[in-house]
Structures are given as structure tokens and as C-alpha cells.
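In what follows, every heavy atom counts, from backbone to side chain, and hydrogens, waters and symmetry copies are set aside. Quantities reported herein were computed from a predicted structural model and do not represent experimental measurements. One-based numbering, in listed order, for ligands and for the atoms of each.
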Amino acid sequence: MEIDVALVPSEKRESHPEDPVNIPFGTIFTDHMFTMEYSKGSWHDPKIRPYHPLALDPAALVLHYGQGIFEGMKAYRRGDHVYLFRPEKNVERLNASARRLVMPEVDEQFVLHAIKKLVSIERDWIPQERGTSLYIRPTMIATEARLGVKPASQFLFYIILSPVGPYFKNGFKPVKVYVSDKYIRAVRGGVGSAKTIGNYAASLLGTQEANELGYSQVLWLDAIEYKYIEECGTMNVFVKFKDELATTPLDGAILPGITRDSVIHLARDLGIPVTERKISIDEVIEGIQDGSVEEIFGTGTAAIVAPIGELYYKGKAYTVANGTVGDLAARLYDTLTGLQAGEVPDKYGWVVEVE
Ligand SMILES: Cc1ncc(COP(=O)(O)O)c(C=O)c1O
């Protein structure tokens, strides 16, 4: 398929943010977007057009039954070079989400091409300051107008772009996390491993209550026993014990994070044994108290690595690593951000340059 491109005349384009370091996440969008439609069993009409509102029938299935999925990835710019980080993994995961939500898969090579083409058109929007990037949001929604609960037969796939500032605006500092023993995010057999819109709605109330108590994220426990740690906000979670880096296994309730996978590779290459196993909250609390837990951190596209300095659980706050940034978290953060910016030699073949 050929992408039909119609660009905004240069004098009508939006001005770029003057202070990219302080842009609130996801509030500014670039001049263009990619769209492609699905009907009668196939994807068609791929286009790049000026950024525009969507016209949706009020009965569109996504609005009623949540048949919607998305991805989150970033483009990084250094000088004339623009890089994507393992973008094929995001497109693979989009298709995995599509299968779980009974939505049509996309041609992965074609969607990668569309992402690169759109990013290339918008390359001047990509800020250059350390920690800044262009956030890429591929999205698929069910557009068929129908009130019966059933998989739709018509869909829209689109990609929008948003320049974003660094996650850590005031330096790389640990975050404070609230362990929820009241709400859960997802359950095995449900849709926790898909990047689908309802999972994020399900997380709002618990996160709001945690925020009101001064915690920036919720650490979610498993939905069956409320015993094992699963994910932290929109991040996967790692616990560094003395001789082991442990992370929750991909058992269907958590999102298979691309940063998680990258951290597992990097840590193993550093000679650190990594285990994917159930980690109980009791084991974590005891480990914090007896010193066997050295670090806890989250991983995800937004923060890359977020050290956790405090855990609040059942009415009590526990300080992790004396509330400082752990050595391993700092090392992984530097390596990953260095790779993404094209500054650290990429022996993994993870970094893809956009022409
Ligand atoms: C629920 C959830 N878990 C984990 C992650 C981390 O995934 P990734 O490393 O691919 O960004 C994300 C972010 O995309 C997320 O939304």
C-alpha cells in the first residue's frame, strides 16, 4: 500500500514549544497524523494528513465496550539523527493486543514504515535536550456503529505524535509508591497483558487516592491473593536482592514491557542473575527491613528506569535504599538513555535510525 500524503502548508504549521523541558506530558501534538481504515476484511486508505478531530458515530463500539488498543514509544533526536528504540517490539505487541481484543492485526512492516514516515515528516518537532523525545501513540479503535456486544467489523488505526519533556524534571530522584491492597488493575485470564484502554480506566481511582496521600504511583498486587507484586503505575517492577535481580513473570496479568525486556538483557550482560518469578509483598517488606532488598525500581517507556525510594503498605511507610538512587538503577538508566540517544554503542541492534 502507498501512503497518500497531504501536508499542512509551511506557513500554517503550529509553532514548536519554546521550552521543551517543561512540556506537561501529552499536551502538544505535531502538525500531522497517520490514519488507515479497516472494513470488509482488510486495511486500506493509509494517509498522512493534518492533525484533525475524528468523526465517530455515537454508537461506535469503542465508546461502549472498550474495543480499543494502543502503543507508546519514543523517537529521540541528536543533531540530524533521529532514532527509534526497538520499534518492532511495539508493533508486535500491538498485534498481540489486537488478538486478545478480537481486533484485526496490522502488517507489522507496513506500520513500522508508516511510523518512520510520519516521524521523518515531523522531525523538526523532536526536541534535542537531554531526556526529551517525541512520544509516538499508535492507536486502534472499533468504529462500527452498533450497540450489540460483539467484535466490530470496522476499525480505525491512527498514529499521533507529541513532543515530551524529561520524566525527571528535577533530576533523577526516587519516586514514592503506594501499595494498593484495596483495588486491583488486572487478573490472570483477563486483559492485563494487552495494552487496552480499559486497563488504564481501571487504574484511575487507586492512583487518585494514592496521589492524594502524596504517592506518585500505585504498586499493584495480584488480583487473587493480593500477595504478589505485579506492576507499578505504567511500569514493570524489579527488585534487586543481594545476589539476584527479580521481576514479576509474564503470566498474563502484566504488560510485557519492552523496557523490562531490555533491562533483563542489560542486567544479565552485567553478570547479574535475573529471575522472573513471583515476588510477594511480604518478601519485599522483610527484605527492606533486613537489608536484603538493595533496590526497587520501575521500568517503562515514560521514565525508562524509575528508582523507588519509599513504599507505603498497610498504614506504614518503608524507605528503600535510604531513599537514594541505587547503583544498578542509575547504571541501567544511563545505559538505556545513552543507547536511545545514539551515544552508547548498540551491540544489541536495538536502535533504528529514521532517515
Ligand atoms: C501497564 C504498563 N506496564 C508496563 C509498561 C511498560 O512497558 P514499556 O517498557 O514497553 O513501555 C507500560 C507502558 O507502556 C504500561 O502501561
Side-chain angles (χ1 to χ4, degrees), residues 25-26 66 68-76 84-97 100-101 115 131 133-140 159 162 164 166-167 175 177 180 183-188 190-207 210 216-223 228-239 247-267 274 276 279 296-308 329 332-333 335-337 339-340 348 350-352:
F25 179 80
I69 57 175
F70 64 96
E71 267 306 318
M73 55 207 285
K74 285 174 171 174
Y76 304 86
L84 300 171
F85 183 71
R86 308 186 76 186
E88 69 291 346
K89 291 275 161 207
N90 291 90
V91 185
E92 263 172 38
R93 190 170 64 187
L94 179 80
N95 272 344
S97 300
R100 180 64 183 84
L101 273 290
I115 291 169
S133 57
L134 184 70
Y135 186 78
I136 305 169
R137 174 53 64 89
T139 307
M140 191 195 297
I159 308 169
S162 174
V164 291
Y167 186 89
V175 296
V177 164
S180 177
Y183 305 108
I184 53 104
R185 189 194 83 95
V187 63
R188 266 200 321 278
V191 291
S193 64
K195 206 160 167 67
T196 182
I197 56 181
N199 285 337
Y200 297 82
S203 73
L204 294 177
L205 182 58
T207 308
S216 65
Q217 309 277 347
V218 172
L219 179 59
W220 303 102
L221 298 178
D222 78 278
Y228 298 102
I229 63 171
E230 294 216 318
E231 281 184 288
C232 183
T234 56
M235 294 185 287
N236 295 110
V237 65
F238 284 80
V239 182
T247 193
T248 307
L250 302 178
D251 64 355
I254 69 165
L255 194 77
I258 294 155
T259 324
R260 173 188 181 280
D261 183 72
S262 309
V263 160
I264 291 174
H265 274 88
L266 292 174
V274 183
E276 294 176 71
I279 309 161
I296 310 178
F297 55 85
T299 64
T301 298
I304 312 301
V305 176
I308 295 173
L332 291 166
Y333 178 81
T335 308
L336 276 170
T337 50
L339 276 164
Q340 289 163 341
Y348 303 97
W350 285 345
V351 178
V352 175

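Heavy-atom distances between Arg93 and ligand 1 reach below 4.0 Å in at least one pair. Assignment of Lys89 to the shell around ligand 1 is not supported, since no heavy atom sits closer than 4.0 Å.
Annotation: Ile258 places an N or O atom under 3.5 Å from an N or O atom of ligand 1; distance criterion only. Among the atoms of Lys195, some N or O lies under 3.5 angstrom from an N or O of ligand 1. Between Arg185 and ligand 1, no N or O atom pair is found at a separation short of 3.5 Å.
Each of the atoms 3 (N), 4 (C) of ligand 1 lies under 4.0 Å from some heavy atom of Met235. Close approach to Asn236 involves these atoms of ligand 1, each under 4.0 Å from a residue heavy atom: 4 (C), 6 (C).
When Thr234, Ile304, Thr259 are ranked by how near their heavy atoms come to atom 6 (C) of ligand 1, first place goes to Thr234.
With a 4.5 Å cut-off on side-chain heavy atoms, Tyr228 and Leu221 do not count as touching. Proximity of Arg100 to Thr196: side-chain heavy atoms (C-beta onward) are nowhere separated by under 4.5 Å. Phe25 is not listed as a side-chain neighbour of Ser162, based on a closest heavy-atom distance of 4.5 Å or more.
Between Phe297 and Phe238, the ring planes are parallel. Angles under 30° get that label, and only those over 60° would be called perpendicular.
The shortest contact between atom 11 (O) of ligand 1 and any protein heavy atom is with Thr301 OG1, 2.5 Å. Looking from atom 7 (O) of ligand 1 to the surrounding protein, the closest heavy atom is Gly257 CA, 3.4 Å. With respect to atom 3 (N) of ligand 1, the closest heavy atom belonging to the protein is Glu231 OE2, 2.4 Å. With hydrogens left out, the protein atom closest to atom 16 (O) of ligand 1 is Tyr200 OH, 2.6 Å, a heavy atom.
Using modelled atom types, no side-chain atom of Asn236 and backbone atom of Thr259 make a donor-acceptor pair closer than 3.5 Å.
The nearest pair of heavy atoms linking Leu255 to Arg93 is CD2-NH1, 3.5 Å.
Aromatic ring centres of Tyr167 and Tyr333: separated by at least 6.0 Å.
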For a salt bridge (charged side-chain N to carboxylate O under 4.0 Å, His left out) check, start with the C-alpha distance between Arg137 and Glu71, then their side-chain angles and the critical distance, and finish with the verdict.
CA-CA 6 Å; Arg137 174 53 64 89; Glu71 267 306 318; over 6 Å; no
